[in-house]
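Taking it in order: structure first as structure tokens, then the write-up.
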2 protein chains.
Amino acid sequence: MSNTKVLPLLEADGQGVVPCCPPLTERPMTADEAETAARMFKALGDPVRLRLFSAVASHEGGEACVCDISDVGVSQPTVSHHLKKLKEAGLLTSERRGTWVYYRVEPSVLAAMGRLLVGAQAAA
Amino acid sequence: MSNTKVLPLLEADGQGVVPCCPPLTERPMTADEAETAARMFKALGDPVRLRLFSAVASHEGGEACVCDISDVGVSQPTVSHHLKKLKEAGLLTSERRGTWVYYRVEPSVLAAMGRLLVGAQAAA
DNA sequence: CCGCTGGTTCGACATATGTCAACATAGATG
DNA sequence: CATCTATGTTGACATATGTCGAACCAGCGG
């Protein structure tokens, strides 16, 4: 049960995903919408997680082995802990391939968060 | 010293502001960049704050009186506390006009955060 | 000047969070 | 199987965070 989890900000709709919420500027968010969206912002609200996320996102092919990105100044268990958080927030997925575990970003989530901030734009 | 504070994600450059960091996907963020950007994400990482922010951002003219937005299910001191946090994060500015205090969004900050997520796009 | 209404600040407190060391697990390799 | 490397999980702990009630400050209307 690693990647089977539902992505908080998005909801599967058969073959794709749809954003959870309208742009912040469109109308006041409801409590539920805020709850959902805040989970993602919160996940990126830690410097270490942000670096990890950026490292994965900017890595070749949008995926990276833990061993490639764990140089962020905290202990290995802490890295693991943060990666888990990012996964739970729906920002990353992980897959084990042999010895190493690879994390990759969910591109549509990035686009959805972007839309949340700046409104409708070319994305996804 | 209410609005004189420097905006974390942006830096004044004479007449405008420039983004603090490149898009997340461009390259791994440095520790400093992450520290800066995480502050903003963190500010939006609470449901109540997100609702307050959205309420201000979606309000007419991009500004709202506290009295207009304080219906988010927490006590009034808590609202004030969260608005302060948003202000400290550089997402809002406040101004007192007579009896009421008005909060408004910093539009360029929204655009900057959007760019951080989705890369260079039509913004601002 | 007094009280009223809108907002902020303070103090207290329960809970969440980030961190590490120690232990556990998964493959690879001898 | 023994063991080594790469990751994840657990338990403990210090600190940060969200929340409230009470006290406090700012205009406004008598």
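Each chain gets a letter, A, B and so on, in the order the sequences are listed, and its residues count up from 1.
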Protein-nucleotide distance ([X], atom [atom1]; [N], atom [atom2]), rounded to Å:
| X | N | atom1 | atom2 | result |
| --- | --- | --- | --- | --- |
| Leu83(A) | dT9(D) | CG | C1' | 14 Å |
| Leu50(B) | dG18(D) | CG | C1' | 15 Å |
| Arg49(B) | dA16(C) | CZ | P | 16 Å |
| Leu92(B) | dG7(C) | CG | P | 15 Å |
| Lys85(A) | dG8(D) | NZ | P | 15 Å |
| Tyr102(B) | dA26(D) | OH | P | 19 Å |
| Ile69(A) | dA6(D) | CD1 | C1' | 13 Å |
| Glu88(B) | dT8(C) | CD | C1' | 13 Å |

Sidechain N-carboxylate O distance under 4.0 Å for [X], [Y]:
| X | Y | value |
| --- | --- | --- |
| Arg51(B) | Glu35(A) | no |
| Glu33(B) | Arg27(B) | yes |
| Arg115(B) | Glu26(B) | no |

Exercise for the section: Ignoring the backbone of Asp46(A), work out which of dG8(D), dT19(C), dT19(D) is nearest its side chain. Expected result: dT19(C)
Strictly below 4.0 Å: does [X] bring a side-chain N or O up to OP1 or OP2 of [N]?
| X | N | answer |
| --- | --- | --- |
| Lys84(B) | dT9(C) | yes |
| His82(B) | dT19(D) | yes |
| Tyr103(A) | dG8(D) | yes |
| Lys42(A) | dT17(C) | yes |

Exercise for the section: Report yes if the side chains of Leu83(A) and Ile69(A) come closer than 4.5 Å at any heavy-atom pair, otherwise no. Expected result: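 When only atoms from C-beta onward are counted, Ile69(A) and Leu83(A) do touch, with a gap below 4.5 Å.
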Exercise for the section: Side-chain contact test, heavy atoms from C-beta onward, threshold under 4.5 Å: evaluate it for Leu92(A) versus Glu106(A) and give yes or no. Expected result: no
Problem - Contact state string [nucleotides 20-30 of chain C, B base, S sugar-phosphate only, - no protein heavy atom under 4.0 Å] - result: BBB---SSS--
Practice task
Please check if the side chain of Arg49(B) supplies one atom and the backbone of Ala43(B) the other of a donor-acceptor pair under 3.5 Å.
Solution key: yes
Exercise for the section: May I have all residue pairs that pass salt bridge (Lys or Arg N to Asp or Glu O under 4.0 Å) and include part of residues 65-76 of chain B, sequence neighbours excluded? Expected result: none
